[in-house]
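Report on the structure given below.
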Amino acid sequence: MPQHGAHDRPPHSPAGPALSRTVRKAVVPAAGLGTRFLPATKATPKEMLPVVDKPAIQYAVEEAAAAGLDDILVVTGRHKRAIEDHFDHAHELEQALAAKGDTVRLDAVRDPARLADIHHIRQGDPLGLGHAVLCARRHVGDQPFVVLLGDDLIDPRETLLSRMLDVRDRYAGSVVALMRVDPAQIHLYGCAAVSPTGEDDVVRVTGLVEKPSRETAPSAYAVIGRHVLDPAVFGTLERTPPGRGGEIQLTDALQELAANGTVHGVVFVGLRYDTGDRADYLRTVVRLACDRPGPECVAWLKEFVAGPEGDSARREEGRRAA
Ligand code: UTP
């Protein structure tokens with residue numbers, strides 16, 4: 001895979017204070033099977049499903065770059081070539097756009113490859129999220145690093161990751177992102193037992209359990225797809241046997257670290273979408289499309305929600321205009 005250096009980054013790439021941070025590397029596991037989204041994900045990685053006009057995984061890579069992380073390792077698998085191609089140059093396409101003088105689209109095509117130094121590694125078999133993270137061990141080395149789940153989209157206006165990096169700087173160890181969810185939904189997530197710190201949005205994580213039932217869940221705090229991990233997690237992951245679903249679970253390794261008192265949580269109250277879930281995927285596309293400049297999407301949506309009356313008004317308008 002070609003490496004893309006800092007010299008050809010786009011002007012909106014981060015610079016300044018964030019680059020003084022000790023955490024520089026991010027890992028984006030994207031080797032899962034995406035079974036919840038079949039058949040759309042039969043031949044297309046779920047991380048490549050478009051959210052408005054960019055694949056879901058690009059939002060995660062942009063978020064990492066915006067937080068000052070300039071080395072990003074994407075963990076892919078079989079049938080995931082599209083991800084590698086997306087973060088590479090597309091010479092033929094670039095030449096065609098350049099010849100037409102279409103600089104806006106040319107930038108859009110070039111940007112993914114210029115966000116950071118982007119590397120890829122294959123997981124082989126999808127043995128679980130914990131195993132995907134373990135595949136990054138040699139690349140990451142003995143330093144703290146960030147894990148962003150490619151199908152977990154944090155609204156681009158949020159600053160969750162920067163906050164987590166600040167918390168890691170002050171508390172050391174590992175930091176997970178937590179969100180309060182409806183207790184009826186907690187069985188879909190890793191769940192954290194917590195105790196307070198002196199800060200409103202920071203808790204100490206005293207225990208973690210993967211996808212507990214509502215009755216056994218220690219809290220309504222769900223672990224969402226952003227982590228700042230201490231390299232100690234690798235040694236723990238090596239010893240972690242397959243857990244729930246027969247997969248090596250990151251949550252199980254973090255449970256061991258939490259028992260040692262080295263895990264904190266940042267409680268997030270902003271906008272987050274699970275693009276691996278069909279209903280949430282649709283909500284994400286609609287929300288982000290409505291946020292784009294220009295009134296078209298909101299106006300159309302209002303009309304659509306107004307139902308058949310809106311439709312017939314639109315038909316009538318069309319007839320008058322004809
Ligand atoms: P998910 O459980 O959401 O992904 O894992 P999945 O297995 O692809 O989804 P479904 O349930 O079958 O629809 C969270 C993240 O971890 C990655 C996934 O790609 C996703 O980004 N992952 C999961 C791996 O990289 N490797 C694995 O073995 C498992």
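Order of listing sets the numbers, starting from 1, for every ligand and every atom in it.
Of the protein's non-hydrogen atoms, Leu129 CD1, 3.5 Å is the one closest to atom 16 (O) of ligand 1. Counting only heavy atoms of the protein, atom 14 (C) of ligand 1 lies nearest to Leu149 CD1, 3.9 Å. Of all protein heavy atoms, the one closest to atom 25 (O) of ligand 1 is Ala31 N, 2.8 Å.
Under a 4.0 Å heavy-atom criterion, Asp151 is in contact with ligand 1. Contact annotation: His131 has no heavy atom less than 4.0 Å from any atom of ligand 1. Ligand 1 lies nowhere less than 4.0 angstrom from a heavy atom belonging to Glu247.
Residue Glu47 has at least one nitrogen or oxygen atom sitting less than 3.5 Å from a nitrogen or oxygen atom of ligand 1, judged on distance alone. The distance criterion of under 3.5 Å between nitrogen or oxygen atoms is met by Gly128 with respect to ligand 1. When only interatomic distances are considered, the shortest N/O to N/O separation between Pro29 and ligand 1 falls below 3.5 Å. The shortest N or O to N or O distance between Gly32 and ligand 1 is under 3.5 Å. Residue Arg36 has at least one N or O atom closer than 3.5 Å to an N or O atom of ligand 1. Not one N or O of Val75 is nearer than 3.5 Å to an N or O of ligand 1, by distance alone. Where the criterion is an N or O separation shorter than 3.5 Å, residue side chain and backbone included, Ala132 fails it with respect to ligand 1.
Applying the 4.0 Å criterion to heavy atoms of Thr35 picks out, from ligand 1, the atoms 10 (P), 11 (O), 12 (O), 13 (O). Within the listing of ligand 1, atoms 28 (O) sit less than 4.0 angstrom from a heavy atom of Pro126. Interface atoms of ligand 1 facing Lys46, defined by a heavy-atom separation under 4.0 Å, are 1 (P), 3 (O), 4 (O), 6 (P), 8 (O), 9 (O). Atoms of ligand 1 lying under 4.0 Å from any heavy atom of Leu127, numbered from 1 in the order shown and given with element: 28 (O). Per-residue contacts place Gln123 under 4.0 angstrom from the following atoms of ligand 1 (heavy atoms of the residue considered): 24 (C), 25 (O), 26 (N), 27 (C), 28 (O).
In summary, of the residues considered (Asp117, Asp70, Asp71), a salt bridge (Lys or Arg N to Asp or Glu O under 4.0 Å) with Arg24 occurs for Asp70 alone. Under the side-chain contact (heavy atoms from CB on, under 4.5 Å) test applied with Arg168, the options Val146, Val266, Val175 reduce to a single match, Val175.
Taking a distance limit of 4.0 Å, we find that atom 8 (O) of ligand 1 is approached by some protein heavy atom. In this structure, atom 5 (O) of ligand 1 has its sub-4.0 angstrom surroundings free of protein heavy atoms.
Taking a cutoff of 4.0 Å between a charged side-chain nitrogen and a carboxylate oxygen, Asp53 and Arg292 qualify as a salt bridge.
Side-chain contact annotation: Asp125 with His131, donor-acceptor N/O pair under 3.5 Å absent. Between the side chains of Gln143 and Thr22, no donor-acceptor pair of N or O atoms lies under 3.5 Å. A side-chain donor-acceptor contact under 3.5 Å links Glu199 and Tyr171. Side-chain contact of Thr44 with Thr41: a donor-acceptor pair under 3.5 Å is absent, judged by distance alone.
Note: the hydrophobic cluster containing Leu237 does not contain Val228 (ILVMFWY, side chain heavy atoms under 4.5 Å, direct or indirect links).
Remark: Arg283 is not positioned above the aromatic ring of Tyr273, lacking an NZ or CZ atom under 6.0 angstrom from the ring centre and at most 45 degrees off the axis. At least one cation-pi condition fails for Lys211 and Tyr189: the charged atom is not both under 6.0 angstrom from the six-membered ring centre and inside a 45 degree cone around its axis.
Between Phe145 and Phe234, the ring planes are parallel. Angles under 30° get that label, and only those over 60° would be called perpendicular.
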For side chain to side chain contact (heavy atoms under 4.5 Å, CB included), just list the numbers for Asp111 and Glu62, CA-CA rounded to whole Å, side-chain angles, deciding distance to a tenth of an Å, and then say yes or no. CA-CA 10 Å; Asp111 278 354; Glu62 286 176 349; 5.8 Å; no
